[in-house]
Participant: 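Sharing a structure, written as structure tokens. Questions coming.
Any value given below was found using the heavy atoms of this structure, including those in side chains, with hydrogens, waters and symmetry copies removed. We count ligands from 1, going down the list as the structure has it; atoms in each ligand are counted the same way. Just so you know, these numbers come straight off a predicted model, no measurement behind them.
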Amino acid sequence: MWYKNIRLVDDNQDFIGDICFKNGIIIAIGKNICQDTDAIDFKRFSQYVLFPAFTDLHAHFRDPGFTYKEDLHSGSRAALKGGYTAVNLMPNTKPVCSSMEIVHDVENRAKEIGLITVNQTLSMTKNLQGQDFEHLKHLQKGEVLFVTDDGRGVSDDEVMREIFTICKEKDAAIMCHAEDPKFSKTDMRVAENNMTFRDINLFKEIGGHLHFCHVSTKEAIEAIRKAQKEGHHVTCEVTPHHLFATGSEVNHYRVNPPFREQEDIESLILALKDGVACAIATDHAPHTQEEKEAGAPGMIGLELAFPLCYTKLVKNNYLSLNQLVDKMSTQPSRLMQLNKGKLQVGMDADFAIFDIENEFTVFEDLFESKSVNSPFIGRKVFGKIIQTIRKGIIFQW
Ligand code: DOR
Ligand code: ZN
């Protein structure tokens, strides 16, 4: 299958050319190289851009246990609708993913559905209760990529220290939801900062790989920057929603961590530019309307991630399209050890095609997710999805 005369953009290429894929793999890419008369010609669609499909380091598909909000099928569809073909799922399901049995069950069911690539993370403590980490001791080295108690922070310092030690041994990265519960009710800025500082301090003595989820404050970014400068393997992700709006712009829509201030947004953008933040991850967190009304934190994110980031970051010249692809595709794919994230011969034929000049108003019918909890409904954004291609299979939107 040939696509020709289309703008091809990855982390370090941006040109109008031709790309060919076969059996789910890219087999040729270049300028004016297509001789095939059956090729699909995009010459009339100069506003279309083909990217390597995105990879989300942080999503909640609620399966098992909360499938009325989302399940592996609807979550996979939401991912595809956003241009994503791979996701890393959080373990706060019911039962919690605290055993390899549950992890394998989720991954196997996702594989049967077959729409996207799913990695299921393992909880750091048993049932996210912050104490028991016996299950980590039984892991083989390299058996899991990530462990996390996302949704909560582990408050016991000694427990956290031992988890760092075990995870280093097992070669598992720790994805930290930095929120010190002592301050959750009173000051969510102190809550995030305090746990970020604590984790970095403990981690420095031990090593391994510490990754901070959804970093949202300028103080946390500063601490991570400093740890990186000192040579520690600390990485972080930021979300499209924390980049896109301040709390007052979305009427303080409830999400953890909360929407922040303009100065924080500037610090997150700088972190993307100078590499302190290696990825943009959605924290796709579906909830029903009743649950939102009762105060559940979170918002869906997969379908809107690219439009929000493109509109805010690229249209305002903070980032180039290359840099955006690096954060949404190349680097997260590398962290998840996938053969994707670049437009290169031999890589998976996973692509997302967007019309970047199409400005549209966000309506609920955009979402493939079972839930529609988003503060951005009604907003105007740029970047309409045209096609998602996964291992050569085309989804036309
Ligand atoms: O807003 C959030 N919602 N933040 C989290 O960390 C968890 C998530 C959820 O699971 O709903
Ligand atoms: Zn979280």
Side-chain angles (χ1 to χ4, degrees), residues 56-71 74-75 78 87-98 106 120-125 127-128 130 146-155 173-181 183-185 188-189 191-196 199 210-217 220 235-245 247 250-260 268 277 279-302 304-305 369-376:
D56 192 6
L57 284 179
H58 192 134
H60 301 263
F61 280 4
R62 310 297 192 202
D63 193 339
F66 303 105
T67 52
Y68 59 92
K69 311 191 215 223
E70 196 80 287
D71 60 26
S74 63
V87 298
N88 191 37
L89 297 184
M90 295 299 114
N92 58 343
T93 49
K94 195 169 126 194
V96 176
C97 296
S98 294
V106 172
Q120 174 62 59
T121 59
L122 179 68
S123 77
M124 203 151 72
T125 65
N127 297 328
L128 306 172
F146 306 101
V147 301
T148 179
D149 272 8
D150 182 58
R152 297 182 189 184
V154 168
S155 27
I174 289 177
M175 295 185 78
C176 170
H177 172 107
E179 179 182 342
D180 183 339
F183 295 98
S184 294
K185 290 228 157 59
M188 281 295 271
R189 179 176 295 272
E192 178 168 350
N193 293 344
N194 229 33
M195 191 161 278
T196 305
D199 277 357
L210 171 60
H211 177 88
F212 286 100
C213 299
H214 43 58
V215 179
S216 70
T217 71
T235 56
C236 74
E237 70 196 29
V238 299
T239 74
H241 52 275
H242 289 114
L243 289 160
F244 194 79
V250 289
N251 210 4
H252 298 278
Y253 191 90
R254 182 141 193 252
V255 55
N256 274 348
F259 282 90
R260 302 288 188 185
L268 301 183
I280 294 173
T282 68
D283 198 4
H284 179 85
H287 292 292
T288 63
Q289 197 182 335
E290 299 75 55
E291 289 168 327
K292 285 305 292 178
E293 280 162 15
M299 50 177 283
I300 54 171
L302 285 161
L304 273 176
S369 172
K370 282 190 187 179
S371 299
V372 293
N373 52 312
S374 169
F376 300 120

Participant: Restricting to N/O/S atoms, is D150 within less than 2.8 Å of the Zn ion (ligand 2) or not?
Facilitator: yes

Participant: Do NZ/NE/NH1/NH2 and the carboxylate oxygens of E293 and R254 come within less than 4.0 Å?
Facilitator: no

Participant: One residue to check: R152. Relative to ligand 1, which of side chain, backbone, both or neither has a non-hydrogen atom less than 4.0 Å away?
Facilitator: neither

Participant: Within less than 2.8 Å of the Zn ion (ligand 2), any N, O or S from H58?
Facilitator: no

Participant: Within a distance under 4.0 Å of any heavy atom of H177, pick out the atoms of ligand 1 and give their elements.
Facilitator: 5 (C), 6 (O)

Participant: When you measure from the side chain of H177 to the backbone of G151, do you find a donor-acceptor pair of N or O atoms at a distance under 3.5 Å?
Facilitator: yes

Participant: Do any N or O atoms from the side chain of E70 and from the backbone of K370 form a donor-acceptor pair under 3.5 angstrom?
Facilitator: yes

Participant: Show the atoms of ligand 1 that are less than 4.0 angstrom away from any heavy atom in A285.
Facilitator: 3 (N), 8 (C), 9 (C), 11 (O)

Participant: So, E237 side chain and I280 main chain: donor-acceptor pair closer than 3.5 Å or not?
Facilitator: no

Participant: Please could you name the atoms of ligand 1 that V255 approaches to less than 4.0 Å, counting only its heavy atoms?
Facilitator: 1 (O)

Participant: May I ask you to check whether P297 has an N/O atom sitting below 3.5 Å from an N/O atom of ligand 1?
Facilitator: yes

Participant: Any nitrogen or oxygen of P257 lying under 3.5 Å from a nitrogen or oxygen in ligand 1? Just yes or no.
Facilitator: no

Participant: Return yes when at least one N/O/S atom of H177 is nearer than 2.8 Å to the Zn ion (ligand 2), and no when none is.
Facilitator: yes

Participant: Who's the nearest protein heavy-atom neighbour of atom 9 (C) of ligand 1, and how far?
Facilitator: R62 NH2, 3.4 Å

Participant: Determine whether a donor-acceptor pair (N or O, by modelled atom type, separation under 3.5 Å) exists between the side chain of D71 and the backbone of S74.
Facilitator: yes

Participant: To which protein heavy atom is atom 4 (N) of ligand 1 closest, and what is the distance rounded to 0.1 Å?
Facilitator: N256 O, 2.9 Å

Participant: Any side-chain to backbone donor/acceptor pair from N373 onto A285? Under 3.5 Å, distance only.
Facilitator: yes

Participant: Nearest heavy atom to atom 7 (C) of ligand 1 wins, so pick from H287, E291, H60.
Facilitator: H60

Participant: Would the distance check show the side chain of T282 and the main-chain N or O of G301 forming a donor-acceptor pair, the cut-off being under 3.5 Å?
Facilitator: no

Participant: Going by the atom numbers of ligand 1, which of them fall below 4.0 Å from some non-hydrogen atom of G298?
Facilitator: 1 (O), 2 (C), 3 (N)

Participant: Within the side chain of T121, is there an N or O that forms a donor-acceptor pair under 3.5 Å with the backbone of L89?
Facilitator: yes

Participant: When you measure from the side chain of T239 to the backbone of D283, do you find a donor-acceptor pair of N or O atoms at a distance under 3.5 Å?
Facilitator: no

